[in-house]
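To start, the structure under review is shown below, and the notes come after it.
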Amino acid sequence: MSALTIFSDNEASQPEWHSTDAAAIAEKLNARGVRFERWEADRDLGRDPAAETVINAYQHAIDKLVAEKGYQSWDVISLRADNPQKDALRAKFLNEHTHGEDEVRFFVEGAGLFCLHIDDQVYQVLCEKNDLISVPAGTPHWFDMGSEPNFTAIRIFDNPEGWVAQFTGDAIADAYPRLP
Ligand SMILES: CSCCC(=O)/C(O)=C/O
Ligand SMILES: [Fe+2]
Ligand code: NI
């Protein structure tokens, strides 16, 4: 179940707020300029889908986002627990970073934890299948896929190059809860 837990950015052990109610999560995130919506990820993708399969299955959702916002490129990130790169990829995304564009992700399988560092708070958003999230450009954040990753997400970009990040060098992510 999708969830939002809010912390102060100087107190990682005591959440200030928590909910698994999608409308309440959206309200809290919208107030901070973050888009959060429940879409429909209802296509059967098979066990370990190729990127092309995912794109073809959800072209209608990509088209909707492109028509709305004029996004220029997209890709698929899909990780399973047997991926030999899983520890390196987990470590990479656990470093706080920003993007020069909105981070738009549509989860079509599994789950992952987005952690947004907004002013003096940390918003931990457990995104699951059906969740669309768009984090504003320039928002410091990190992402935890857990030690046994299991998710597929479509990433939509506002540039032709795809994923480009600037790492902040802040070790804040080390203090906050992670997925098992
Ligand atoms: C579910 S997308 C995870 C990786 C990524 O693209 C990113 O920018 C994380 O912050
Ligand atoms: Fe990111
Ligand atoms: Ni909970």
Side-chain angles (χ1 to χ4, degrees), residues 1-5 7 9 25 29 32-39 41 43 45 48-51 53-55 57-58 61-62 65 69 71-81 83-118 121-180:
M1 192 182 292
S2 313
L4 171 64
T5 310
F7 299 83
D9 76 349
I25 293 170
L29 290 175
R32 293 306 213 133
V34 178
R35 179 178 183 179
F36 178 86
E37 292 167 13
R38 302 279 289 163
W39 283 26
R43 305 293 152 103
L45 298 173
D48 201 358
T53 305
V54 179
I55 297 288
Y58 289 102
I62 296 167
L65 289 163
K69 302 274 184 187
Y71 296 123
Q72 301 185 55
S73 61
W74 44 89
D75 70 10
V76 172
I77 180 166
S78 187
L79 277 166
R80 299 289 179 266
N83 189 309
Q85 309 284 345
K86 67 177 179 177
D87 292 337
L89 285 166
R90 185 185 192 194
K92 171 174 145 181
F93 293 123
L94 277 169
N95 289 310
E96 189 187 65
H97 62 275
T98 62
H99 305 285
E101 59 180 329
D102 297 348
E103 175 154 339
V104 185
R105 306 290 186 256
F106 178 30
F107 281 78
V108 298
E109 292 182 325
L113 186 68
F114 266 109
C115 306
L116 318 177
H117 188 184
I118 304 177
Q121 289 180 304
V122 170
Y123 288 68
Q124 288 201 322
V125 194
L126 180 64
C127 287
E128 297 205 333
K129 177 175 171 163
N130 298 315
D131 290 346
L132 175 83
I133 189 166
S134 174
V135 180
T139 305
H141 65 277
W142 62 94
F143 176 75
D144 188 18
M145 59 183 71
S147 59
E148 302 287 300
N150 180 29
F151 71 97
T152 301
I154 300 172
R155 311 193 295 183
I156 320 263
F157 305 104
D158 206 7
N159 72 69
E161 287 85 36
W163 196 83
V164 181
Q166 294 80 41
F167 291 97
T168 66
D170 189 326
I172 180 171
D174 296 346
Y176 283 84
R178 291 185 179 174
L179 293 180

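Keep in mind it's a predicted model, so treat the numbers as computed, not measured. As the structure lists them, so they are numbered: ligands from 1, and atoms in each ligand from 1.
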- Query: Where the Fe ion (ligand 2) is the corner point, what angle links NE2 of His99 with NE2 of His97, to 10°?
  - Reply: 90°
- Query: Is the closest side-chain donor-acceptor distance between Gln124 and Thr5 under 3.5 Å?
  - Reply: no
- Do Trp163 and Phe93 have their ring centres less than 6.0 Å from each other? yes
- Where does the angle between the aromatic ring planes of Phe114 and Phe143 fall among parallel (under 30°), tilted (30 to 60°) and perpendicular (over 60°)? tilted
- Message: Taking the six-membered ring for Trp, are Phe157 and Tyr71 closer than 6.0 Å centroid to centroid?
- Response: no
- Message: Using the ring centroid of each side chain, check whether His141 and His97 are separated by less than 6.0 Å.
- Response: yes
- Query: Looking at Glu103, which of its N, O or S atoms is the nearest one to the Fe ion (ligand 2)?
  - Reply: OE1
- Message: Show, in sequence, the C-alpha distance, side-chain angles and deciding distance for Glu101 and Asn159, and conclude whether the side chain to side chain donor-acceptor pair (under 3.5 Å) test is met.
- Response: CA-CA 8 Å; Glu101 59 180 329; Asn159 72 69; 2.7 Å; yes
Using a 3.5 Å cut-off on N/O to N/O, what pairs does ligand 1 make with the protein? A line per pair would be great.
unit_1: ligand 1; atom_1: 6 (O); unit_2: Arg105; atom_2: NE; d: 3.4
unit_1: ligand 1; atom_1: 6 (O); unit_2: Arg105; atom_2: NH2; d: 2.9
unit_1: ligand 1; atom_1: 6 (O); unit_2: Arg155; atom_2: NH1; d: 2.8
unit_1: ligand 1; atom_1: 6 (O); unit_2: Trp163; atom_2: NE1; d: 3.1
unit_1: ligand 1; atom_1: 8 (O); unit_2: His97; atom_2: NE2; d: 3.4
unit_1: ligand 1; atom_1: 8 (O); unit_2: His99; atom_2: NE2; d: 3.0
unit_1: ligand 1; atom_1: 8 (O); unit_2: Glu103; atom_2: OE1; d: 3.1
unit_1: ligand 1; atom_1: 8 (O); unit_2: Glu103; atom_2: OE2; d: 3.0
unit_1: ligand 1; atom_1: 8 (O); unit_2: Arg105; atom_2: NH2; d: 3.3
unit_1: ligand 1; atom_1: 8 (O); unit_2: Trp163; atom_2: NE1; d: 2.7
unit_1: ligand 1; atom_1: 10 (O); unit_2: His97; atom_2: NE2; d: 2.9
unit_1: ligand 1; atom_1: 10 (O); unit_2: Glu103; atom_2: OE2; d: 3.1
unit_1: ligand 1; atom_1: 10 (O); unit_2: His141; atom_2: NE2; d: 3.0

- Query: Does a side-chain N-to-carboxylate-O contact under 4.0 Å join Lys69 and Asp158?
  - Reply: no
